[in-house]
Every structure is written in structure tokens, then in C-alpha cells.
J.: 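Here's a structure for you.
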Amino acid sequence: MATTKVDPKLNESNLAKKARVYEGLTSQQLIDAYRTMFTSRRVDDREILLKRQQKVFFQISGAGHEAMGVAAAFALKSGYDWFYPYYRDRALCLALGATPYEMLLGAVGAADDPCSGGRQMPSHWAYKRLNVVTQSSATGTQILQAVGCAEAGRYLAKHPKACQKTGGDYRQFKDVQFQGDEITYVSLGDGTTSEGEFWEALNTASNRRLPVIFCVEDNQYAISVPVEVQTSGGNISRLVSGFPNFHFEEIDGTDPVVAYAAFERSVKHCRAGDGPAFVHAHVIRPYSHSLSDDERLYRPDAERRADAARDPVHSLQLFLLREGILDEKGINKIEKEVEEQIQADADRALEAALPQPETIYHYVYSPDLDPTSAAFETHPAIAVVESATDGKKSTSPNKTMADLINATLRDEMRRDEGVIIFGEDVADASREQYLKQKLIKGKGGVFKLTSGLQMEFGADRVFNSPLAEANIIGRATGMATRGLKPVVEIQFFDYIWPAMMQLRDELPLIRWRSNNAFSAPVVVRVAIGGYLTGGAIYHSQCGESIFTHTPGLRVVFPSNALDAAGLLRTAIRCDDPVLFLEHKRLYRETYGRAPYPGPEYMIPFGKAKIVQPGTDLTVITYGAVVPRALQAAQKLEREHRVSVELIDLRCLNPFDWDAIAASVKKTNRALIAYEDSLSWGYGAEIAARIADQLFHHLDAPVKRIAATDTFVAYQPILENAILPQASDLFRAMKELAEF
Ligand SMILES: Cc1ncc(C[n+]2csc(CCOP(=O)(O)OP(=O)(O)O)c2C)c(N)n1
Ligand SMILES: [Mg+2]
């Protein structure tokens, strides 16, 4: 343990010893550190006991990581800075102000568990009052979110208007706070540095000089896999040392004095705005990975003994005695107080009320703002335009879906300074001087959907991301957690998959898993779909059912310009995360163009549109199949006098069951048509529900028509054979009508 240099021959009085400062830590702070570290260890031990008694259901400990956690908390400011701590950061959380009782509530899964209300395993920290943001079990997802959190802090300092509580949209329910010199702390294990998102986060934090402290708690193991397997050369510090703008520390993380000094230097660097810091703390893992693991299977006794000799709790105790800061009596007193407290807390936690089964649906979505409600129903304002040449008045001209999406983004950015846009190629030009010198026109998206937005709103509101989809969604999630409204773009649905962990395990779960303590209402715009003649496998994919199968995520899929405008505005103003699917083939289609509906036009989620009423059969569809189904239905009417009721769902989660049921009860026949491959697709759920709930109204089997169970091929002959065409729809409708 490091000390300040004192001549050992000096026989100091106890008083003088107590006045000593150890790398800035006073004797009292070291006593406090010991109390917290000992408490942390004892809460772990208590949980282990309770697990063995089957009174709690999972245990993962912070043992061996206590010193650096307490040191980090001492160097940072609770409730001021922001924290994305991973599961071994029990001591950090205690030092920030969480209590053992709160932690034990988590262990028993009590209703009042502040981290999750019994929804998550223990040690998945979330303390709103302390700015400790909800954490998941997925290793590494927190790192990009922490980067987004830091970006939000910086953005808010520059755009304080984005903090204002405003009625009529998600902002009403956000209490947005920031500090001009705030820091975001994020921690992870040595194994987790192998995740790609770790490198993406470092890259962005470095590039943008963000005030993030990355703390790698290196206990040499990821469950049973040792560090040399994870990390080339066995030392993460060596690998990251090339990132610009960083302050680097590699320390003995079992020594609170050493760790505190390292965090102090890191904090100084970050608060000054010089960039991020990287603290590589060598720690130990004296207990197995978790209670589900037995490390004796892969670690010999000698290695475990060597670890135990570096136990931070024991070492600090010896240090306090050696330095004369506490005597044995003093140590015993603290330990007794802690033991008694934890005993009382555990007894109380075991008596705590448990969550009621009927609450499971609470907070899947915002309890405050319902995007299906009439509050989101407005009428299009059809603007009248006056000709500049002859002064004649006419209604504004028809616009494409691309035009109206662009116009809606522009309107909402004017209305709400919290809206920021980023993604691949979405900026007009990252080299802004070219725009300023009028050397170029600017790009604004590969489909030009964000064209001109950077020019109007500036590069801190509209900017390019690296080519990394997890980076986009992870950062957006962090920003939205702080109260911003990121409206991000995934360039092609086919490339959404690197972001899948963030889209499945994080974004839609922030609210539910934190029992409504946090939320992240991001809008993710995605260009989707085929019928492109040459789009082939990697520019034609659908796959919406993968996301409608994810509770917590709203999924929207408009088929025409007006719906796209109205639904996008609802998406941006609502309080839930939304996947907004934009069909590439429909962006500039003649079908479905409409005049600009004004800056307040909204359509509530979950309301289908009857494209045409009919009496003989119901076709339920959405997206680019809508115009194809309409063509087929009109032909069927013309040639065979079959009257088709065509329903465009527009919104896939929630979806308009009432409209489907009313129609099928009337026509007694149902066909679900969709562009994705047939099996396990979106139509399966609708078909099952019709079969289940409308069985007695059916005069024919429920039919589906969709793409073949293949990917989409390049050669147009193959593409036509794969994707459902108007002729296929015609045939299927005819057969169903004749059944
Ligand atoms: C993405 C992901 N993959 C796998 C797991 C299962 N898992 C949980 S912890 C862990 C090891 C983590 O090791 P490390 O990052 O070194 O942290 P430590 O537990 O050693 O502190 C693994 C593989 C997970 N939770 N998330
Ligand atoms: Mg580890």
C-alpha cells in the first residue's frame, strides 16, 4: 500500500499520524473507505449465505474490486457526475450513497428494489438519485451508452433550451439536468474489452474528446477464460495506448490510495475538457465468478492463494493499523457496527413486500404518454400556395414520402432543440468548410432524407457517425436517457445487425428493467425493403417481425407520404423508443404522394387505414405491398366483381386489432400479405390471432402471401419470383374469394 514518504525514525504522535494525507486522502477518508469496503464484502457474504439458504436466487460479488470502486467514488461527485457501473461495482455504489438495505432488496427481488423492482438480478445497479444509470447483464453494452451520456452533457451545456420542460410531448416527463464539467464513469471487466463495442466507444470518446472515465477492472479472468486469451499480449493498456486525447493510468486497483490518485488525475483531465481517461485497475477475484461457478475447476490453489494475499479489504485493515490511523479496537468497532447493520438490513429485506404478478406489464411503455391516444390525432393542414408569377392560389403540390420525412424532421428540429440526428452519411458534409465556402451542395443521407438539415441546424445537431451501427444505437440510448431526442438513421435494414444487442437487450428495456426510473425514447429510422430491381440480398431485406417480437419497442411501417409524416411526428414526440421503417421503394414513388400537411400533423400509433372498403374478403398488409395489393384488388373488382377490403396497418406494434376484427367479421375471409419471407413472419401472428379469436366468423382458411423463404436475389427475374407481386396477390385473393 502506498504512503507518503515519511522518515520512519520519526516517532510521531498519533495525532500527527492522523493528520497525514495519503495522495490527497485524509485519515478519516481512509477510515470511511475501510467501512465501505468492509460493508461491500459483508453484503456479498450475506447474499451468499442467503443464496445457500435459498432465500435469494442469484449472487455475483464485488469482492476484490472494492478499493478501486471506493477510490473512484471519492474522486467523482455523486449525483453530479454520471455512472455506468458494471456488476462488480458494489463498493462504488455504496460509496456513492446506495445502502446495503437497498442492495438486499435487490437480492430478494422486492417490490421496492430501487434498481429494478425485482425485475433484474442483483448487482445490476440503478440509482436515479445518484445518477447511476440502469445496467443490464450484457457485457459491454454500457460503454457506448456512457459515451452517449457524456455527449448529452456536453450538448446540453451548449443548448440549455433543450432542458426545458415543455407540454405536449415527451419533454413534459423529463427532468433534464446537466453540469458543465460533469464526467461519465463507465466500468467493465478485462474479458469485456474483447467486445467490439468497447473499441467503438473508445474510438468515439477519443475522437470527440469526451469526458468519460473508462475503468477496466482486470481480475485476469472472464469466468474461466484468462486474460491472455482475451487480450493479445495479455495487457489491455498496451493495446489502447494509441488512442489520442486520452489520459492513461495502469494501477494496482487493490490499493485505495494508489487508485484514488489515479482517479484524481483522470478527473482533472476530464473536467478540464482535455478528453477521456482510461484507468486499468489490476484487481483480484477472491470468490468464483458467481455462485454458479466454481473456480477451483480452472484455477490451482497456488494461484488463488496469491490472489488472496492481495485482498484489498485485508490490506487496508493492515495499513490502517500500521499507520496508526485505527487500532484493533477501532477496526473491531467498525466491523461490529457493519455486521449489525447488515443483519438488521437483511432481516428487513426478507420481510419486504414482493412485486405483484399483475404489475408485469407496468412500464413496458411510458405510463405518461400514450401514442395511441387522441392527443396524437390531428388533421393535415393543406396549405394554399400563391404563385409568384401570376398570384394564383392553389393547394400545395404533392410531395414524395422522402420530401415529407425530410420536412417533418426539419419541423421537429425547429420545434425541439433536444432533437439531434446522426448516422452514416446523414450530414450534408462533415468537412463543413466546404459547405460554408459553397464549394459543394452536400449529401444529407444516401437517400437524401436528411438533406439540408445540417445546413440549417448546425453540425452539433446533425452529424455523421462512424460506420458502426452499435455505435449509433448505443450512443443514442445514452443520450435519450439524459433527456435528448436522438432521431438516428440506420442506412439499410440489412446492416442493422451490429446494433442488435443494443436494439434487443438495451433500448427497449431501459424503462421496464429499471421499473420506470429511466427511459430512452430514441427514434431509429431505417431504410428497409426490396422491389428495387437489383437490390439483391444485402439491400432488400425486411425482417420487421424480429422487432415486433421485442416488447418495449414501437414499430411503424408507413406506405405513403402523408402517413410517413404523421407517424414520424408521433414517433418523435412520443415517450417510447420507435423503430421507424421507411420503404426505399416508396421514398419517391408516384403512389401515395401528398401535399405537405403542416408542422402539427400527427397520426396515433396502432390505427390502421382502410385503403378501400369492401365486403367479400379482407386483405391485411402494410409497406410496399399496399400499392401492389390495391392494384390486385382493383383488378379483381373489375374482372370478377369481388369486393376487397384493404387494410394498411401502418403501425406494426401496436397494431390495430379492432380494425382487423371488424373487417373479418364483415367479410369472413382474411389474407395477410407482407414482403418479408413467409415463415415465422409478421403475418403468422395476425393469422394465429384471427384463427383464435374470429374462428366462428371465418368461411375460409386464413391465408398468407409473402416472399419465398429465401433471401432476395439480384437478377430481376429471380427478384420477381421471390417477392410477392400484384399477380401473386391477385391469384391468392381470387382463390380465397372462391373458396
Ligand atoms: C455479451 C455477453 N456475453 C456473455 C455473457 C456471460 N458472461 C457474464 S460475465 C462474463 C465474464 C465477464 O468477464 P470480465 O469482463 O472479465 O468481468 P469479471 O466478471 O471478470 O469482472 C460472461 C462471459 C454476458 N453476460 N454478456
Ligand atoms: Mg475479469
Side-chain angles (χ1 to χ4, degrees), residues 40-41 44 47-48 58-69 72 84-93 120-125 134-146 185-202 214-232 234-237 239-240 250-254 259 278-295 297-299 303-304 307 310-312 470 473-474 477 497-507 509 513:
S40 181
R41 184 67 63 88
D44 275 326
E47 282 187 3
I48 289 166
F58 179 76
Q59 211 284 328
I60 193 156
S61 86
H65 295 229
E66 294 97 340
M68 47 78 34
Y84 284 73
Y86 89 125
Y87 46 84
R88 302 239 189 256
D89 275 343
R90 186 190 298 285
L92 170 101
C93 290
Q120 290 222 75
M121 290 170 155
S123 297
H124 290 53
W125 317 115
T134 171
Q135 297 302 301
S136 78
S137 303
T139 54
T141 46
Q142 73 276 24
I143 319 171
L144 282 166
Q145 292 172 21
Y185 164 97
V186 61
S187 60
L188 56 140
D190 46 290
T192 300
T193 64
S194 300
E195 292 283 358
E197 290 189 18
F198 165 74
W199 297 94
E200 292 184 25
L202 255 57
F214 296 87
C215 182
V216 173
E217 301 179 20
D218 184 349
N219 57 20
Q220 295 216 41
Y221 277 93
I223 309 185
S224 69
V225 183
V227 65
E228 67 273 18
V229 174
Q230 302 283 353
T231 306
S232 180
N235 184 313
I236 193 65
S237 282
L239 299 194
V240 302
E250 183 176 0
I251 56 162
D252 175 1
T254 65
F278 188 89
V279 179
H280 178 190
H282 291 280
V283 294
I284 59 158
R285 197 192 70 184
Y287 299 174
S288 290
H289 170 75
S290 71
L291 269 206
S292 317
D293 173 47
D294 179 0
E295 68 174 1
L297 297 174
Y298 52 87
R299 296 185 81 183
E303 184 182 302
R304 294 173 60 233
D307 245 21
R310 294 175 56 222
D311 188 307
I473 306 300
T477 302
W497 313 118
M500 199 61 199
M501 181 75 100
Q502 292 287 345
L503 282 168
R504 168 82 190 172
D505 278 4
E506 297 294 327
L507 180 62
L509 269 160
R513 78 179 188 213

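Note that this is a predicted model, so its numbers are computed, not measured. Counting convention: from 1, in listed order, for ligands and their atoms alike. Excluded from the calculations below are hydrogen atoms, water molecules and symmetry mates; all remaining heavy atoms, backbone and side chain alike, are included.
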J.: Within Thr192, is some N, O or S atom less than 2.8 Å away from the Mg ion (ligand 2)?
T.: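 So Thr192 does not bind the Mg ion (ligand 2) by this criterion.
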J.: Show me which atoms of ligand 1 lie under 4.0 Å from any heavy atom of Thr192.
T.: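 Contacts of ligand 1 toward Thr192, numbered from 1: 15 (O).
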J.: For Ala138, take its heavy atoms, then give the atoms of ligand 1 lying under 4.0 Å from any of them.
T.: 26 (N)
J.: What atoms of ligand 1 come closer than 4.0 angstrom to any heavy atom of Gly189?
T.: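 Near Gly189, meaning under 4.0 Å from one of its heavy atoms, ligand 1 has 14 (P), 15 (O), 16 (O), 17 (O).
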J.: Could you report the tightest heavy-atom contact between Arg88 and Ser61, atom names first, then the distance?
T.: NH1-O, 2.9 Å
J.: Grab the two heavy atoms, one from Leu92 and one from Pro85, that are nearest each other, plus how far apart they are.
T.: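 Residues Leu92 and Pro85, closest heavy atoms: CD2-CB, 3.7 Å.
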J.: Please work out which of the three classes, parallel, tilted or perpendicular, describes the rings of Tyr87 and His289, given edges at 30° and 60°.
T.: perpendicular
J.: In ligand 1, which numbered atoms sit nearer than 4.0 Å to a non-hydrogen atom of Asn219?
T.: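 Near Asn219, the atoms of ligand 1 are 18 (P), 20 (O), 21 (O).
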J.: Is there a side-chain hydrogen bond (donor to acceptor under 3.5 Å, both in side chains) between His65 and Glu217? Walk through the geometry before answering.
T.: CA-CA 7 Å; His65 295 229; Glu217 301 179 20; 2.7 Å; yes
J.: Using a heavy-atom cut-off of under 4.0 Å, does the side chain or the backbone of Arg285 touch ligand 1, or both, or neither?
T.: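 Within the 4.0 Å criterion, Arg285 makes no contact with ligand 1.
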J.: Which of the atoms in ligand 1, numbered in the order shown and given with their element, are less than 4.0 Å from a heavy-atom of Met501?
T.: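 Close to Met501: 1 (C).
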J.: Asp190: which N/O/S atom is nearest the Mg ion (ligand 2)?
T.: OD1
J.: If every non-hydrogen atom of Leu188 is compared with every non-hydrogen atom of Thr193, which pair is closest and at what distance?
T.: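 Leu188 and Thr193 have their closest heavy atoms at CD1-CG2, 3.7 Å.
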J.: Please classify the His289 to ligand 1 contact at 4.0 Å (heavy-atom distances, strictly less than): side chain, backbone, both or neither.
T.: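 Looking at His289 and ligand 1, just side chain atoms fall under 4.0 Å.
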J.: If you apply the rule side-chain hydrogen bond (donor to acceptor under 3.5 Å, both in side chains), what do you find for Tyr84 with Asp89, and how did you get there?
T.: CA-CA 10 Å; Tyr84 284 73; Asp89 275 343; over 6 Å; no
J.: Using every non-hydrogen atom in the two residues, find where Ile236 and Val216 come nearest and quote the distance to one decimal.
T.: CG2-CG1, 4.2 Å
J.: Take the Mg ion (ligand 2) as the vertex and measure to OD1 of Asn219 and O of Tyr221; round to 10°.
T.: 80°
J.: Answer yes or no: does an N/O atom from Glu195 fall short of 3.5 Å to an N/O atom of ligand 1?
T.: no
J.: Which of the numbered atoms in ligand 1 are below 4.0 angstrom from a heavy atom of Arg88?
T.: 18 (P), 19 (O), 21 (O)
J.: Only heavy atoms count here, so choose which of Ser137, Gly62, Ser224 is nearest to atom 25 (N) of ligand 1.
T.: Ser137
J.: What is the nearest protein non-hydrogen atom to atom 9 (S) of ligand 1, stated with its residue, atom name and distance?
T.: Tyr87 OH, 3.1 Å
J.: Within the protein, is there a heavy atom lying under 4.0 Å from atom 6 (C) of ligand 1?
T.: no
J.: On a heavy-atom basis, which atom in Ala63 and which in Pro286 lie closest, and how many Å separate them?
T.: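 For Ala63 and Pro286, the tightest heavy-atom pair comes out as O-CD, 3.2 Å.
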J.: With Arg299, which of Asp293, Asp294, Asp307 fulfils salt bridge (charged side-chain N to carboxylate O under 4.0 Å, His left out)?
T.: Asp307
J.: Among Gly140, Gly64, Gly191, which one has a heavy atom closest to atom 14 (P) of ligand 1?
T.: Gly191
J.: Students should be able to answer this: which protein heavy-atom is nearest to atom 26 (N) of ligand 1, and at what distance?
T.: Thr139 N, 3.1 Å
J.: Quick one: closest heavy-atom pair of Ala67 and Gly253, and the distance?
T.: CB-O, 3.4 Å
J.: For ligand 1, find out whether one of its N or O atoms is nearer than 3.5 Å to an N or O atom of Ile223.
T.: no
J.: Using distance alone, decide if ligand 1 has a nitrogen or oxygen within less than 3.5 Å of any nitrogen or oxygen in Tyr221.
T.: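 By distance alone, the answer is yes.
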J.: Parallel under 30°, tilted from 30 to 60°, perpendicular over 60°: which one fits the rings of His280 and His282?
T.: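 Correct class here is tilted.
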J.: Is Arg513 salt-bridged to Glu506, going by a charged N under 4.0 Å from an acidic O?
T.: yes
J.: Under a 4.0 Å N-O cut-off, is there an ion pair linking Arg90 with Glu47?
T.: yes
J.: Give the contacting part of Asp190 toward ligand 1: side chain, backbone, both or neither, where contact means a heavy-atom distance below 4.0 Å.
T.: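 For Asp190, the contact with ligand 1 is made by both the backbone and the side chain.
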J.: List the closest protein heavy-atom neighbour of atom 21 (O) of ligand 1: residue, atom name, distance to the nearest 0.1 Å.
T.: Tyr86 OH, 2.7 Å
